[in-house]
Structure formats: structure tokens, C-alpha cells
There are 2 protein chains.
Amino acid sequence: MKEKPSVSQLSGVKEIARRANVSIATVDRVIHNRKGVSEATKEKINGIIKEIGFQPNILASRLASKKTNRFAFLIPNANETDYWDASLKGIERAHQEIKQYGIQLDKYLFDLNDKATFTKNVNEIAKGDYDGIVMAPSFIEEATELAARCQSRKIPYVFINSDIPGKNNIAYIGPHLYQSGCQAGQLVRFGLKRGKVLIINISREIDSYHHLLRKEDGFRHYIEDSNTAANHIAIEKMDITNTTDESVSVALDTFLKNHTDIDAFFVTNSRVRSVATYLRTHASPHRILIGYDLSGENIKYLKDGTIDFLIGQKPEEQGYAGLMALFQHVVAGSTVIKNQYMPIDIITKENFEFYKN
Amino acid sequence: MKEKPSVSQLSGVKEIARRANVSIATVDRVIHNRKGVSEATKEKINGIIKEIGFQPNILASRLASKKTNRFAFLIPNANETDYWDASLKGIERAHQEIKQYGIQLDKYLFDLNDKATFTKNVNEIAKGDYDGIVMAPSFIEEATELAARCQSRKIPYVFINSDIPGKNNIAYIGPHLYQSGCQAGQLVRFGLKRGKVLIINISREIDSYHHLLRKEDGFRHYIEDSNTAANHIAIEKMDITNTTDESVSVALDTFLKNHTDIDAFFVTNSRVRSVATYLRTHASPHRILIGYDLSGENIKYLKDGTIDFLIGQKPEEQGYAGLMALFQHVVAGSTVIKNQYMPIDIITKENFEFYKN
DNA sequence: CCGTTTTTCGGGTACGTACCCGAAAAGGGC
DNA sequence: GCCCTTTTCGGGTACGTACCCGAAAAACGG
């Protein structure tokens, strides 16, 4: 460690003021384009700023301004899967890093099985006078309304985990659903030359725009496109709207009695564990099973070989990146990438322990 | 945005000074355990610090101290593959984030095919009086020597990409080589029920401790452990120490004439492109090909189906994490996790475009 | 007890930026 | 020209921490 050389004077408002023959205060006015500066001096100062490539010292800036920003987070609670728990951890990690800059953070959690809790939180947030919002728009209509409110109040907002196209969100951070389905298709194709695969959607509400269906699309198209006369894979599908283990078990049992020739299963979300539970207890020859997310249960079945592949969607990273995108936009004022697709991670028994959500 | 409430006085040196009935300067002495404070007041102040959970404001701290830290980076140049180019990008991204804190960074690049360039850089670095070093210890002996020098001068250092066990590095950031080989084994096993697989090491120097061999070990053990009478995979291997495309081609050609029954190839590093080039031009029925790293060429062959899987090692992330580990240790003074294994990423035609190095 | 050294401490200024307040300059109406 | 409003600007202080310098207090030696 050594003393910082006086090089620091080469940038900074002081230097700009010196070169422009004005005071620091005037330079400051130009930087924050506040009024009270003549056109002439403004131009001169802006010229110098560009010339020396002035970048304000965020440390000093934040320190002096004493500004506080309040952000809100709206995501599902971690009731049934630990997917959203990971997301929360990412949020908290990000908050830890930026709270020095005067960032306050309020978290609002809703129940995925209860729209009303979402609406209630939306109203709470509307009262809160926030400088930015990160949300998982699980309920499309309700989320759209919140987005509209933000829009009219000029509050920036970020979507994570699933997207609503055509909105004015400053960023979407989450998986590319269609491509993610393709990936699952490739894995099935690699392990199964010909045969039959069953797509399973397990979710309380499966309306026509549900994001699970976008994964199904990707999967379906991949398999169909890669089918040849010699190597042909047929596709079956089923939707299960009752999400308990038992009803999944019953539904599967019924289905498999009529379709004894299923070689592979693709479950479009983290509920793959329910399918694994069934397959494990109904010991049959091993069939390929692919699903989503690294919950504790899923990992258990990955370990014992019931599940072959899990596709990871980086919930922790999503939470982190969501808050950071807001921070970049609001505090640093820099432009953020609008669509930040998470990597489509392929997780197996062999690599899961090195996986970072 | 609103004014920060005066809550800020509840923490901070000023508050501590008030509670302890001493001056700010005295509190400061205790915090930096400088001498000149009586045992009694020191204890009192330390008590208050713990009580209110004082955390210094890094912004103000760095701003006031004008401390500069100089770090050095020692990694291979990006001559033949863009693997190390990605690493460099990660380093620069990290530097961008922390240079506000007064971090200077010097980069030293060596030639993987020329030990002398490594040694030369080591000597340069030794002269440089750095506060921390991040290095890729590609040449074990020479790196060990540098580590020893750092040790005696109490300069913290971090290994990235490959490890030398038993050293006093503050962190290792890179792949778990053995497990990474296992992963490749799992993929081969998934796509190939029985047959023969060829392991290929391509590197100028392959001494007995070379990290490529640790991948080979993992691969070998996975295949052997999962072999059954019904589903048996045999293993062949070859080392190629002349790394040009032509010599790889020649070596392969010779080998495959004597072994016509190879169903799959596992190349232990990014040179997989050389093998892909050969396989593509010598059109035979598709054989499974697995290798490492997302260089432009490798991606090309992934796209056209010559390569089935690439295993990613996150070079960009390694660079980023390497510098950050040093920063955490030196500036923030926090403890860093010693072994930070990178995820073992499985990359295919379907997910490569969302992959982040 | 006094002079001297050593220990212990507080005042004050600095870091780079933000922003208040009041002064100087410029413009405008008579 | 004078007075008044508006525009344009500079001085100065603050943010929370670091650290210099000198003063007060304690310890010591005789």
C-alpha cells in the first residue's frame, strides 16, 4: 500500500473547475444539469468533461448526497419448493453489496396458489413510494396492472423468472423458456434413439399463456425436427392441475396403465420430484427422467439415479441480477441490457455439487 | 428519493465516540488497532463496537484514506485459444467495479509454449512490490517458486484455473478437474450403452502431474465404475504433444486405422477443435465427441453437430472471481472461501448462446 | 517535588462530491 | 441615470472516515 499519487487531480470536478475558470459549484450544476448556468459556460464545461472523460466518484457522490433509494421486491414465497428461497438469497446478497450506497429494500412475498395475496401486495407497494420494483409476474393480468401503475408514476421495474412481452420494463432476467425446452429435447434425443416420451405439466393454473407451455413448445419442436424415419420419437402429454404428490401419483398410474411404452419423461418444472417419487416406488426398468430446478428433493432423486438431468434456471442469480439491474439503472444511471437470459444449466449427479444457483 | 434520516448517527465512529466519551480520533485508533490507547478505553470502545455492530463505511473509508492497492495478474496470453481472453475480460470487469476503491492492476501474460516467458514475468512481478497476485500456475515448479516468494514477503496470492495443492494461497478458483472428467464420463455413458471410447490429451508438455491427467482419471473411473457385463465400454487413450492441426490429424489417422471401432472421443481440453476438424473432413458415421471450452472454433463444431458436448469452465468468471477474492481479502479484510470450484457446465448446440463464461 | 520522557488523547483538516446561501453581474423599465 | 428583478456564479460546509500534530496526562528518575 502506498499513498495515492496526485494523479487524482487530473480528473474530478476540481480539475474541471480549474480548466474552465469557474467554481466547483458551477461544474456541479452542469453535471446535474441544474439551471443557473449560462449556455456559454455550460458548453465549455461539457467540452472539458468529455475531453478528460470525467467519471464522477460514486463513493464521494453517494457519501455527499445522502440520498436513499427504496426498492421493492415482489416474488413468490418459498412454500413448496426452495426455488424462491434461492432467489431471496440472491436478493439479499445483492442488497448486502449495495446497501452502503444507501439502498433500502422491502420484500413482498405472495402465494403462488392464491392470486389475492399478489393483489394485496401490489396495493401495499403502490402506497410505498418506491424508486424501483423487481417482480416475478406470475399472474399476468395483475402484474400488467402493476406495470401500468409504475409506468404512469415513472417508476422503473424489472421482471424476473418469467416475462410479459411488450411492457416497458427496464429488464427481463430469467430463462429463455422456449430454448430451455429445446435443450431438454436434445438430452432426450441423445439418450433415446427411438421410442416414446411423455411431457408432464404440473401446475395449479395452466392457462393458455402459461410459461410452462413455452417450454413444452421448445421441447416438442426439437423432437419433431430431429425425427427421422429410422430414429423416431413419439410425444405424449398430460397436464396435472392438482399438485399434491398423491394426485400426481394417481394421474401417472392411470396414464401408464394405458401407455406401457413410455421411455422418457419430461416434466416442465420443479415438480419433477413428484414424478420421481412415483417412478421410484413403482420399480420398473429405468426410464429417462428430466425436469427442472435443484430443490433438495430433486437432488435426492438425481443422486439415486431416478432423475437423469435437471435443468437449472439460476434462481439465486436471478434475484441478484434483478436488484443489480435496478441499482445500475437508478443509482449509476447506466443503461442495462433489456433481456438477460440466464444460462440453461444441465445438472447431473456428477456436477450438481459444484452448481451455483 | 428522499433525504437520508438522521438514523445514520446510530452507527458510525461519531456515535461510538459519543458513547465512549472519547474523541473520534481515539475510536479510529482502536478500529485500526494503532498504538496510543490505554487498555481500559480500548476495551470500552471495542465493547461499544460490538454492541452496536459497527461496520465502517467503506465508501468514506476508502475516500479518506487515499490508499492504493496494486495487484498483479499472471495468466497465459490468448494466442491459440480464446479461453484466456475470456479470463482477461473477467479480470477487467472486476477491475472496472473496484477501481473506484483505488485498485491498480497490472497484467502479465506468458506463453503456454514457453516456460521462459513465465519466469521472466515472475521476475518482473517480484520487482513490482504488489499487494496481491492472481496467477494461473501452469508451470508447477516455477509457480511454486513465485508462491514461496510471496509467502516470505507476506503477499497474498490466488490460484486460478488449476491448483497446486499444499500451498498457502488464499484461494483456488477453477474447476474440480477430477469431477469434471467424471461428468464427461456420464455423458458418454448416457449416449453410448456399449462400445469403445478414446481419451485424447493434446498439450505441449504432459508431465505426470499435468492437470489434464486429473480429468482423465475422473473420466476413466466413472466409465469403469459404471461398466456392467451387459453394458461395457472399453477405454483407449493417446497423448499428442505436437499441437498443430496437422499433427493431430496425422496422429488420429494412424490411430484410427488400427482401431476402427471407436464410438466416442473425449478430448481433455479446448483442443477438441483439432479433433473435430479431422472428424469432419474424414466423413464417417457420427461418433460422439466431447471436449472443453467455448472457443469460437469449438462453437462452430458444436453448431454443425460434430461436437456433441462441450464442458465449460467459466474462464471469465474465474478471472472475475480471482480479482474479487483478492479485493475481499486485502481491502474488505473479510475471509474468502479457499476452494471456489467453478460449475461444471454442459454446453450443447441448444444452450450455448445463453452460456456465460 | 520538579523536570523529562512516554503514553494517551482531542482538535482539526483532508478525501471528492453535493448543495445551500448569498453576492456579483446582467437585464429591464422608468 | 437609478432601482429592481433575474440570471449567473463562488464561497463554504457537510457526508463518514483517516490521520497529522500538538496538548494534556501519566509515568519515571533523581
Side-chain angles (χ1 to χ4, degrees), chain A residues 1-45 49 52 54-69 99-102 331-333, chain B residues 1-45 49 52 54-69 99-102 331-333:
Chain A
M1 310 219 189
K2 26 188 82 170
E3 291 306 305
K4 185 179 281 186
S6 51
V7 179
S8 48
Q9 265 114 10
L10 289 184
S11 53
V13 280
K14 207 181 290 181
E15 170 67 10
I16 297 175
R18 196 185 60 77
R19 292 207 196 190
N21 256 326
V22 294
S23 77
I24 293 177
T26 302
V27 174
D28 189 71
R29 284 185 193 90
V30 173
I31 289 173
H32 297 86
N33 44 23
R34 253 174 270 135
K35 60 171 193 176
V37 184
S38 68
E39 226 22 74
T41 52
K42 186 186 281 187
E43 263 180 50
K44 183 154 123 198
I45 292 175
I49 286 178
I52 67 176
F54 170 72
Q55 281 191 315
N57 184 327
I58 306 184
L59 277 68
S61 166
R62 272 319 248 196
L63 180 59
S65 78
K66 297 205 341 169
K67 278 281 171 53
T68 296
N69 290 105
K99 72 179 183 192
Q100 295 266 16
Y101 292 88
V331 178
Chain B
M1 310 218 187
K2 24 187 85 169
E3 292 304 305
K4 187 179 280 185
S6 52
V7 180
S8 50
Q9 264 113 10
L10 288 183
S11 54
V13 281
K14 206 181 289 182
E15 171 67 10
I16 297 174
R18 198 186 57 77
R19 292 207 197 191
N21 255 325
V22 295
S23 76
I24 293 177
T26 302
V27 174
D28 189 72
R29 277 187 271 268
V30 173
I31 290 172
H32 297 87
N33 44 23
R34 256 174 267 132
K35 62 173 190 175
V37 185
S38 68
E39 223 27 70
T41 52
K42 186 186 281 186
E43 264 180 50
K44 184 154 120 198
I45 291 174
I49 286 178
I52 66 175
F54 170 72
Q55 280 193 316
N57 183 326
I58 305 184
L59 276 67
S61 167
R62 274 319 255 199
L63 180 59
S65 77
K66 299 208 335 170
K67 278 282 171 55
T68 296
N69 289 105
K99 74 177 182 193
Q100 294 267 17
Y101 293 88
V331 176

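Letters A, B, ... are given to chains in the order of the sequence lines, protein chains preceding strands, and every chain is numbered from 1. The basis for the numbers below is simple: all heavy atoms, side chains too, and nothing from hydrogens, waters or symmetry mates.
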Heavy-atom nearest nucleotide on DNA chain C for B:A25 versus A:A64: which residue maps closer to 5'?
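Closer to the 5' end of DNA chain C: B:A25.
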Starting at the 5' end of DNA chain C, which residue's closest nucleotide do you reach first, B:S23 or A:F54?
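The 5'-side residue here is B:S23.
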Counting only non-hydrogen atoms, which of residues 33-44 of chain A are less than 4.0 Å from DNA chain C?
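Result for residues 33-44 of chain A: A:R34, sorted by number.
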Side-chain contact, heavy-atom cut-off 4.5 Å: [X] with [Y]?
{"X": "B:Q100", "Y": "B:L59", "answer": "no"}
{"X": "B:V27", "Y": "B:K14", "answer": "no"}
{"X": "B:R19", "Y": "B:I52", "answer": "yes"}
{"X": "A:V331", "Y": "A:K67", "answer": "no"}

Each nucleotide N or O in nucleotides 22-25 of chain C that has a protein N or O under 3.5 Å away: list the pair and distance.
none

Measure [atom1]/[X] against [atom2]/[N] and give the value in whole Å, please.
{"X": "B:R62", "N": "D:dC19", "atom1": "CZ", "atom2": "P", "result": "11 Å"}
{"X": "A:L59", "N": "C:dA14", "atom1": "CG", "atom2": "C1'", "result": "16 Å"}
{"X": "B:D28", "N": "C:dT8", "atom1": "CG", "atom2": "P", "result": "17 Å"}
{"X": "B:Y101", "N": "D:dG16", "atom1": "OH", "atom2": "C1'", "result": "14 Å"}
{"X": "B:I49", "N": "D:dT17", "atom1": "CD1", "atom2": "P", "result": "11 Å"}
{"X": "B:H32", "N": "D:dG16", "atom1": "NE2", "atom2": "P", "result": "16 Å"}
{"X": "B:L63", "N": "C:dA18", "atom1": "CG", "atom2": "P", "result": "12 Å"}
{"X": "B:I45", "N": "C:dT8", "atom1": "CD1", "atom2": "P", "result": "12 Å"}

Among C:dC9, C:dT17, D:dC15, which nucleotide sits nearest the side chain of A:K66?
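Taking heavy atoms from C-beta onward, the closest nucleotide is D:dC15.
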If I compare all heavy atoms of [X] with all of [Y], which pair ends up nearest, and what's the gap?
{"X": "B:I31", "Y": "B:F54", "result": "CD1-CE2, 3.5 Å"}
{"X": "B:K35", "Y": "B:R29", "result": "O-CD, 3.8 Å"}
{"X": "B:I58", "Y": "B:Y101", "result": "CG2-CE2, 3.5 Å"}

Rounded at 0.5 Å granularity, tell me how far OG1 in A:T68 sits from CZ in A:R62.
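A:T68 atom OG1 to A:R62 atom CZ measures 7.5 Å (nearest 0.5 Å).
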5'-most by nearest nucleotide on DNA chain D - B:V13 or A:V22
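Closest to the 5' end, via its nearest nucleotide, is A:V22.
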So, does A:S65 get its side chain near the phosphate of C:dT17, meaning an N or O under 4.0 Å from OP1 or OP2?
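Result: no.
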Does A:K42 reach the main-chain N or O of A:V37 with its side chain, forming a donor-acceptor pair under 3.5 Å?
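No, A:K42 side chain to A:V37 backbone: no donor-acceptor pair under 3.5 Å.
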